**Q** 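Shown below is the structure under consideration.
Order of appearance sets the numbers: ligands from 1, and atoms from 1 within every ligand. Values in this document were obtained by computation on a predicted structure and should not be read as measured data.
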Amino acid sequence: MPDVSTPMDAQSLLRSVPLFSGLSKSQIRTMATTAKERSYRDNDLIVRQGEKGIGFYLILDGRARVEKAGQKLSELGPGQFFGEMALLDEQPRTADVKAQGPVKCLVLSPWEFWAAVGNEPEVLRTLLKETVRRMRSSSGALSD
Ligand code: CMP
């Protein structure tokens, strides 16, 4: 089981994440106090394809590899997020996400996530844009 603790530097990290750049200090503070920091070891499976997933993950430190049926789709690093797809459509996880070396994430439950950004059109727009980009790259579809 991964460690679970309260993030010490979550506020400064959240402030530096482009996705959340439009949020106020108090919104960031609220998010930082509700989110949980989790640590993973090399090769830990952070989320598993096909599992019913809850939680939105923001990488604080380290790198994570996104894989589908053993094939690498992407590698994500500090300030990048994953887990947004199952959060958006409430369906099973679309891919495995594996720690590449030690990884620290900030994890928001769906209700924490929606309470924090549900009324923030810019955040939702950025999130959707990135989600669509990922879906296109996963399916190999071409954009016009
Ligand atoms: P979710 O389906 O909840 O869980 C697996 C996650 O992997 C998914 O959300 C995305 O965050 C991420 N993911 C899926 N496909 C890609 C991709 N092509 N590029 C980057 N990340 C991806």
**Q** Hey, could you give me the CE/CZ distance between Met85 and Arg134, rounded to the nearest 0.5 Å?
**A** 6.5 Å
**Q** Check if Ala95 has a non-hydrogen atom at a distance under 4.0 Å from any atom of ligand 1.
**A** yes
**Q** Kindly say whether Gly77 contributes a backbone atom to a donor-acceptor pair with the side chain of Gln80 at under 3.5 angstrom?
**A** yes
**Q** For the CG atom of Leu106 and the CG atom of Leu58, what is their distance to the nearest 0.5 Å?
**A** 6.0 Å
**Q** Could you walk me through whether Val117 and Met31 pass the side-chain contact (heavy atoms from CB on, under 4.5 Å) check?
**A** CA-CA 9 Å; Val117 304; Met31 214 192 291; 4.0 Å; yes
**Q** What atoms in ligand 1 come closer than 4.0 Å to a heavy atom of Phe82?
**A** 11 (O)
**Q** Check whether any side-chain heavy atom of Arg48 lies under 4.5 Å from a side-chain heavy atom of Arg93, and answer yes or no.
**A**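 Answer no - side chains too far apart.
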**Q** Using heavy-atom distances, let me know which of Ser74, Ser138, Ser139 sits nearest atom 15 (N) of ligand 1.
**A** Ser138
**Q** Looking only at protein heavy atoms, which one is nearest to atom 13 (N) of ligand 1, and how far off is it?
**A**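 The protein heavy atom lying closest is Val66 CG1, 3.6 Å.
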**Q** Under 4.0 Å from ligand 1, counting heavy atoms only, is it the side chain of Val97, its backbone, both or neither?
**A** side chain
**Q** So if I count the atoms of ligand 1 from 1 in the order they appear, which ones are less than 4.0 Å from some heavy atom of Ser137?
**A** 18 (N)
**Q** Measure from NZ or CZ of Arg65 to the centre of the six-membered ring of Tyr40, then state whether that distance is under 6.0 Å and the direction lies within 45° of the axis.
**A** no
**Q** Between CG of Leu13 and CD of Glu37, what distance do you get to the nearest 0.5 Å?
**A**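 Between atom CG of Leu13 and atom CD of Glu37 there are 9.0 Å.
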**Q** Using the rule ring-ring contact (aromatic ring centres under 6.0 Å, His included), only one of Phe20, Tyr57, Phe56 pairs with Phe113; which is it?
**A**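 Single ring-ring contact (aromatic ring centres under 6.0 Å, His included) partner of Phe113 among Phe20, Tyr57, Phe56: Phe56.
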**Q** Return the closest protein heavy atom for atom 11 (O) of ligand 1 as residue, atom name and distance.
**A**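 For atom 11 (O) of ligand 1, the nearest protein heavy atom comes out as Glu84 OE1, 2.5 Å.
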**Q** Classify the contact between Thr94 and ligand 1 as side chain, backbone, both or neither, using a heavy-atom distance cut-off of under 4.0 Å.
**A**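 Both backbone and side chain.
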**Q** For atom 21 (N) of ligand 1, grab the closest protein heavy atom and report residue, atom and distance to one decimal in Å.
**A** Arg134 CD, 3.4 Å
**Q** Enumerate the atoms of ligand 1 whose separation from the nearest heavy atom of Ala86 is less than 4.0 angstrom.
**A** 1 (P), 2 (O), 3 (O)
**Q** Distance to 0.1 Å, residue and atom name: give those for the protein heavy atom nearest to atom 4 (O) of ligand 1.
**A** Arg93 CD, 3.2 Å
